[in-house]
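Read through the structure below, which is laid out as structure tokens, and then see the notes.
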Number of protein chains: 2
Amino acid sequence: MQHGARKKTQTMADVAVAAGVSKSTVSRAFTQPDRLGPETVKRIKNIARQLGYVPNHTARALSTGRHGNLALIVSDVANPFFPPLIRAAQMEADGSDFCVFLGNSDEDPRQEDRLIDRFVSQVEGLLLVASRLTDEQIVQHARRRPLVLINRDVPGIPRVLIESATGVRHAIEHLAGLGHKHIVYVNGPSSSWANRQRRNALKVAARQHKLEVDLVNAHVPSYESGRAVVPQILDSKATAAVAFDDLTAQGIMTGMAERGISIPRQFSLVGCDDVLGAATYPSLTTVSNRSDEAGRAGVSLLLDMLSGRMAGDTRLVLDTHLVVRQTTAAPAQEKPKGSPSGQPERV
Amino acid sequence: MQHGARKKTQTMADVAVAAGVSKSTVSRAFTQPDRLGPETVKRIKNIARQLGYVPNHTARALSTGRHGNLALIVSDVANPFFPPLIRAAQMEADGSDFCVFLGNSDEDPRQEDRLIDRFVSQVEGLLLVASRLTDEQIVQHARRRPLVLINRDVPGIPRVLIESATGVRHAIEHLAGLGHKHIVYVNGPSSSWANRQRRNALKVAARQHKLEVDLVNAHVPSYESGRAVVPQILDSKATAAVAFDDLTAQGIMTGMAERGISIPRQFSLVGCDDVLGAATYPSLTTVSNRSDEAGRAGVSLLLDMLSGRMAGDTRLVLDTHLVVRQTTAAPAQEKPKGSPSGQPERV
DNA sequence: CTATCCAATGCAACCGGTTGCGCGTCAAGA
DNA sequence: TCTTGACGCGCAACCGGTTGCATTGGATAG
């Protein structure tokens, strides 16, 4: 009450009156300036600015069907894999004057479905990252709205895939080159497309290089579970490990350190996704991640679908590579356990 | 074309015709069922279901002004401080059936302003986190829409503040108790409310405990800048440091390790925000962060403003505390440099 | 000088709901 | 039996833009 609150937002009609023209003219001044007199456009825009007029997207959407919004649904915002992707997607969308809704499915397919229903009537397109829905559900939704997938491979649906297989293959070559003969792969979530891809690539490459491979399961990709699987890793007698992701790898580093095992001197480790930068010590050898590019590309693809039409089966693959840092080295001569010098015993 | 595409979405009018009633009745069947005959409601809802009718949010929003959307604007999605906040905010909103727009200002006030303008016509309320706008701009926007601030203290605008001052104070007490006499504070961004707050709290507490304080500047809060300021920290001859945030602290840890300085044996370090969990090695002593609660509380506040009205000057403060882990200890007897035993020299 | 045409605008319907107001009906109170 | 009022529902205006079509005036062609 105090400030003489004029809360009324300015409408097109207000601008029209102030400019002495009709609503349609104001509308066209913004959407089809070339169909109007140049000075008229200028005058209207000036007045609009003075009045603090901001076009109402809701109204526009109602009559055009174009909302200028995208929905971005991820499984866990707090997982460091996603923020760069979200950021890139958001900025890419913004560049084309699109707003983005963010949804967090929390790894729950039902929640994901709910969110989509909730969003679908206010967006022009959906972007699903690492979706947990079934192929059928995805196809259903894709029927209603343009939809693109990231890290999920459903034939017929436009998708962008981060091909970490390449990087994993390089990791194996790298380890083999250093002289390792026996490694372990630490699994991520079994429902994860990325995990299946990585594990398979690893197995194939290991076979080629004649490496023995053991599998260990850290169902949740996190620091804690990485730390928890260290005993299993050690039991395997392997000299190196590839972890599903950097978080897991980081946990493993801690677990090793707690047992007095020096990385990379006594054990080599490679992560995946490069979400930690070089922020561990020693800095982690890992497979590069291009989630930001994936986000950008996904939005770009979606935008393409919205303007022109696209062939239904776009499949964009982003390659990765190995980032060699400081957690990999030649295996120790002796097994860590039998080391004669004053190495700390395992706890 | 193939599937005999009947893409026309069902409208309220369609349902009305099918049910032999008027649009208004259909509308009321969904929004005010008690004002209608019970069997009428049931019949209409059945028919609506059969037809696959889904209410159009855009149209509803246009006439009611209620969109069921919130805007959340942060300065950098990729900064680990934000994801938990975003996640919590998103879920809190979702619990009340609100969707959230995510905006990334990228530390740029103009971008932030642009985003707000872009969002404002499709949301019922704004949530600004660590806003870089001027007080005047914020007040302006608050006039147009319900608005709440997080980590920004503008009188008259509802806000939730993470009071890291408390935790910082405890950190000083902790360090003093361990016997430290001389510490350094590593600054974050000068425009940051949080940084000013932390520095001031630290100075006051240090004075009380008769600690000498040096300041060092790491303008950007990041791993790299932390690593870069290590020489300055060492030059100060201090025996401990408090860093603006965990990222900076992590960088410092690496920098120290590279110089053969052992933490906490030769140098104590405390971070801020606890964004890394216990994921460093040794695990980082830090000031707790409650960004998730802040996000939740912010949305909750906003929702309150939307339903009831609220007194304009809500100021919700979230306390923090010190999380003591493994990077703090009593200072070394000798200065690290003069250590007689076989300590590695600085590089 | 008149017929023609194009550029610049206005008119009004429409997008899909919501809602104040009014009308008819049936039951309870007088 | 007549009045009264609550209840159930329809009418039509409105939210704030967009857009096909009509209109007008001036420039150009004939």
Side-chain angles (χ1 to χ4, degrees), chain A residues 7-45 47-48 51-69 97 99 118 120-124 144, chain B residues 7-45 47-48 51-69 97 117-124 144-145:
Chain A
K7 43 183 62 170
K8 202 73 196 87
T9 67
Q10 297 292 340
T11 142
M12 208 164 235
D14 298 327
V15 179
V17 170
V21 296
S22 72
K23 278 200 317 181
S24 350
T25 304
V26 178
S27 172
R28 285 193 257 263
F30 286 96
T31 59
Q32 330 177 24
D34 41 310
R35 291 184 36 66
L36 253 45
E39 69 298 329
T40 309
V41 173
K42 193 177 300 180
R43 185 162 49 91
I44 292 181
K45 289 201 168 178
I47 297 190
L51 263 48
Y53 167 75
V54 181
N56 181 322
H57 272 85
T58 308
R60 186 198 306 262
L62 181 57
S63 60
T64 61
R66 270 171 271 122
H67 306 71
N69 298 331
D97 210 37
C99 294
R118 181 75 180 71
V120 73
S121 68
Q122 4 188 16
V123 300
E124 283 176 75
R144 302 209 293 172
Chain B
K7 45 181 62 172
K8 200 76 194 85
T9 67
Q10 296 294 337
T11 142
M12 206 162 238
D14 298 326
V15 179
V17 169
V21 295
S22 72
K23 277 199 318 179
S24 351
T25 304
V26 178
S27 173
R28 284 192 259 263
F30 286 96
T31 59
Q32 331 175 23
D34 41 312
R35 291 183 37 65
L36 253 46
E39 69 297 331
T40 310
V41 173
K42 194 177 300 179
R43 184 162 50 89
I44 292 180
K45 287 200 169 177
I47 297 190
L51 263 49
Y53 166 74
V54 181
N56 180 321
H57 271 85
T58 308
R60 187 200 302 267
L62 182 57
S63 61
T64 61
R66 268 171 272 122
H67 307 70
N69 298 330
D97 210 35
D117 275 351
R118 183 71 180 74
F119 285 152
V120 74
S121 65
Q122 12 187 13
V123 300
E124 283 174 75
R144 302 207 295 173
R145 281 281 187 286

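Note on naming: letters A, B, ... go to the chains in the order of the sequence lines (proteins, then strands), and numbering restarts at 1 for each one. All values below were derived from every heavy atom in this structure, side-chain atoms included, with hydrogens, water molecules and symmetry-related copies excluded.
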To the nearest 10°, let me know how far the axis at one end of the helix from C:dC1-D:dG30 to C:dA30-D:dT1 is tilted from the axis at the other, five pairs an end. 50°
Treating B:Glu124 as the side-chain partner and B:Arg66 as the backbone partner, does any N or O pair qualify as donor plus acceptor under 3.5 Å? no
Using a cut-off of 4.0 Å on non-hydrogen atoms, how would the nucleic acid contact of A:Thr25 be classed: base, sugar-phosphate, or nothing? sugar-phosphate
Consider only side-chain N and O atoms of A:Thr25 and A:Ser22, and report whether a donor and an acceptor are under 3.5 Å apart. yes
Measure the shortest side-chain to side-chain distance between A:Thr58 and B:Gln122 over non-hydrogen atoms and say whether it is less than 4.5 angstrom. yes
What is the distance, to the nearest angstrom, from the CE atom on B:Met12 to the C1' atom on C:dT19? 12 Å
Determine whether B:Asp34 and B:Gln32 make a side-chain contact, defined as any pair of heavy atoms from C-beta on separated by less than 4.5 Å. yes
Is the closest side-chain heavy-atom distance between A:Arg60 and A:Thr31 below 4.5 Å? yes
Students often get this wrong, so: under 4.0 angstrom with heavy atoms, is B:Tyr53 touching a base, only sugar-phosphate, or nothing? sugar-phosphate
For A:Ala13 and A:Lys23, the nearest pair of non-hydrogen atoms, with its separation, is CA-CG, 4.1 Å
How do A:Val26 and B:Lys23 order along DNA chain C: which one's closest nucleotide is nearer the 5' end? A:Val26
Give me the first and last nucleotide of DNA chain D, going 5' to 3', that has any atom under 4.0 Å from a heavy atom of chain B. D:dG8 to D:dG16
Toward the 5' end of DNA chain C, by each residue's nearest nucleotide, A:Asp34 or A:Ser24: A:Asp34
What closest approach, in Å, do A:Pro33 and A:Val41 show between heavy atoms, and which atom pair accounts for it? O-CG2, 3.6 Å
What residues from residues 55-68 of chain B pass a heavy-atom cutoff of under 4.0 Å to DNA chain D? B:Leu62, B:Ser63
Is there a donor-acceptor contact under 3.5 Å from the side chain of A:Arg118 to the main chain of B:Asp97? yes
Is the side chain of B:His57 donor-acceptor paired with the backbone N or O of A:Val120 at a distance under 3.5 Å, no angle test? no
Any non-hydrogen side-chain atom of A:Thr11 less than 4.5 Å from a side-chain atom of A:Asn56? no
Heavy-atom check, side chain of B:Arg28 versus side chain of B:Thr40, under 4.5 Å: no
